[in-house]
Amino acid sequence: MNSEDTAQTPIAHTARVYQTYPGSSYSLPTDNVELQRLILQHNSLKILFQDCLVFPPLELGVSDQVLDVGTGPGLWILELARSAGSQTPMVAIDIEARLFPQSPPPNIEFRVASVLNLPEEWTDTFSLVNQRLLMLALRTVEWPQALHELYRVTRRGGWVQLGEGVAYFEGEYPDKPCMEKLVACSRRLAEARDLFIDCANAIPTMLEEAGFVDIHSEMREQPVGKWAGEIGEILRDNQLGVFKGLKTPVLLSGGFGIVSSEAEYDALLAGVVQEWDEIPGTKTPFLVHCARKPMD
């Protein structure tokens with residue numbers, strides 16, 4: 001068996017539950033374990049940005065509408081509804097309904113939809129559109145399409161805010177061999193699925209090309225590991241959850257010549273925690289980009 005055959009042979013493992021939306025490349029699970037990670041991730045971003053939910057200069061009222069793209073369990077929009085009041089109409093979409101809350105407040109509608117094809121009747125509707133962490137969801141060619149759709153559904157003078165983390169690069173942490181292999185696995189998976197995991201720094205240019213103006217960004221460093229205190233431990237556990245979630249697609253792809261068994265992948269997961277905790281320095285930026293749709 002040559003190396004190409006090996007790379008394409010799925011590796012046996014205990015699989016998790018993933019979305020099945022037609023044409024989607026989203027690579028993380030949609031099970032209860034992932035729900036707990038998403039809660040951790042939401043809380044970590046609140047800590048990093050001092051509880052800020054709305055970044056543009058905007059105060060929501062009864063005449064405004066809000067859209068949350070890739071909402072998952074709706075953590076951001078549920079919290080926004082509690083702070084903004086129950087009179088502002090809100091819509092939350094995702095390609096998978098499994099994580100939607102069971103009893104959302106009456107002013108929030110949860111529905112299955114893709115940012116690549118939003119309803120026509122939403123044109124010029126939303127005063128605020130929130131989208132974050134679709135780096136493992138959208139292909140490179142899909143990002144401009146998604147931002148044009150966001151531009152279409154944002155009302156004139158309305159705002160979008162997009163949050164993405166800067167992906168790790170291979171060779172960035174040579175003192176952490178387990179991390180290097182996990183990063184390599186994630187990058188080979190992204191290449192195989194044409195996912196734009198390096199979208200974070202490219203978003204401002206794509207927003208401008210979509211027609212947005214007043215583009216500005218806020219950045220916070222995400223430290224990973226016990227060396228950085230409580231926030232470092234939270235971000236460590238969140239990042240570990242991401243690598244755990246990528247195990248099934250990596251192993252179904254044959255391990256890309258980097259891992260050859262589930263046990264080997266699991267050993268990397270155990271090793272990376274020790275590396276993050278014992279060797280200071282792992283961190284990555286998280287960027288929130290804001291942009292406004294012109295009035296004319």
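Remember, predicted model here, so these are calculated numbers, not experimental data.
For Asn32, the side chain to side chain donor-acceptor pair (under 3.5 Å) criterion is met by no residue, not counting sequence neighbours. Ser217 meets the side chain to side chain donor-acceptor pair (under 3.5 Å) test with His289; sequence neighbours excluded. A search for salt bridge (charged side-chain N to carboxylate O under 4.0 Å, His left out) contacts involving Glu264 returns nothing, not counting sequence neighbours. Not counting sequence neighbours, the partners of Gln274 by the side-chain contact (heavy atoms from CB on, under 4.5 Å) test are Glu278. By the salt bridge (charged side-chain N to carboxylate O under 4.0 Å, His left out) test, Glu209 is found to be paired with no residue, residues two or more places apart in sequence or in another chain being considered.
Results of the side-chain hydrogen bond (donor to acceptor under 3.5 Å, both in side chains) test with Arg132 over His42, Glu164, Gln161 single out His42 as the only residue that passes.
Around CD of Glu59, the count of heavy atoms belonging to other residues, nucleotides or ligands within 6.0 Å does not exceed 12.
Tyr168 does not carry Arg187 over the face of its six-membered ring by the limits of under 6.0 Å from the centre and within 45° of the normal.
Of all non-hydrogen atoms in Ala200 and Val166, the two that sit nearest each other are CB-CG2, 4.0 Å. Closest approach of Gly245 and Tyr18 over heavy atoms only: O-OH, 2.6 Å. Closest approach of Leu246 to Ser186, counting heavy atoms only: CD1-CB, 3.8 Å. Contact detail for Ile231 and Ser44: the closest heavy-atom pair is CD1-O, 4.0 Å. Residues Ala84 and Leu60 approach most closely at CB-CD1, 4.4 Å, considering heavy atoms.
The distance from atom CG of Leu35 to atom CG of Leu40, rounded to the nearest 0.5 Å, is 11.5 Å. Distance CH2/Trp276 to SG/Cys178: 10.0 Å, rounded to 0.5 Å. Taken from CG in Leu99 to OG1 in Thr30, the straight-line distance is 6.0 Å, to the nearest 0.5 Å.
Considering only heavy atoms from C-beta on, Cys199 stays 4.5 Å or farther from Leu138 through its side chain. You'll find the side chain of Lys247 reaches within 4.5 Å of the side chain of Glu262, heavy atoms only.
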Give every donor-acceptor pair under 3.5 Å between a side-chain atom in residues 233-243 and any protein atom, sequence neighbours left out.
residue: Arg236; atom: NH1; partner: Asp277; partner atom: OD1; Å: 3.0
residue: Arg236; atom: NH1; partner: Asp277; partner atom: OD2; Å: 2.9
residue: Asn238; atom: OD1; partner: Arg37; partner atom: NH1; Å: 2.7

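Between the Gln87 side chain and the Val62 main chain, no donor and acceptor come within less than 3.5 Å of each other. Under the 3.5 Å distance criterion, the side-chain polar atoms of Glu170 are left unmatched by any main-chain donor or acceptor of Val183. At distances below 3.5 Å, not a single donor-acceptor pair connects side-chain atoms of Asp64 with backbone N or O atoms of Ser127. Under a 3.5 Å cut-off, the side chain of Ser83 and the backbone N or O of Ala81 do not form any donor-acceptor pair.
Between the side chains of Arg152 and Thr123, at least one donor N or O sits under 3.5 Å from an acceptor N or O. The closest side-chain donor-acceptor pair between Thr125 and Arg155, if any, does not fall under 3.5 angstrom. For the 3.5 Å distance criterion, the side chains of Ser24 and Gln19 qualify, holding a donor opposite an acceptor.
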Notebook entry, point to check: Would Asp194 and Arg139 satisfy salt bridge (charged side-chain N to carboxylate O under 4.0 Å, His left out), going step by step from the backbone distance to the final call?
Noted result: CA-CA 5 Å; Asp194 194 26; Arg139 300 181 183 94; over 6 Å; no

Next item on the list: For the pair Arg292 and His216, evaluate side chain to side chain donor-acceptor pair (under 3.5 Å) and give the outcome as yes or no after the intermediate values.
Entry: CA-CA 10 Å; Arg292 182 176 60 84; His216 61 277; over 6 Å; no

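Ring centroids of Tyr21 and Tyr26 are separated by 6.0 Å or more, keeping the two rings apart.
Comment: Asp266 does not engage Lys244 in a salt bridge, judged by the lack of any side-chain N to carboxylate O separation of less than 4.0 angstrom.
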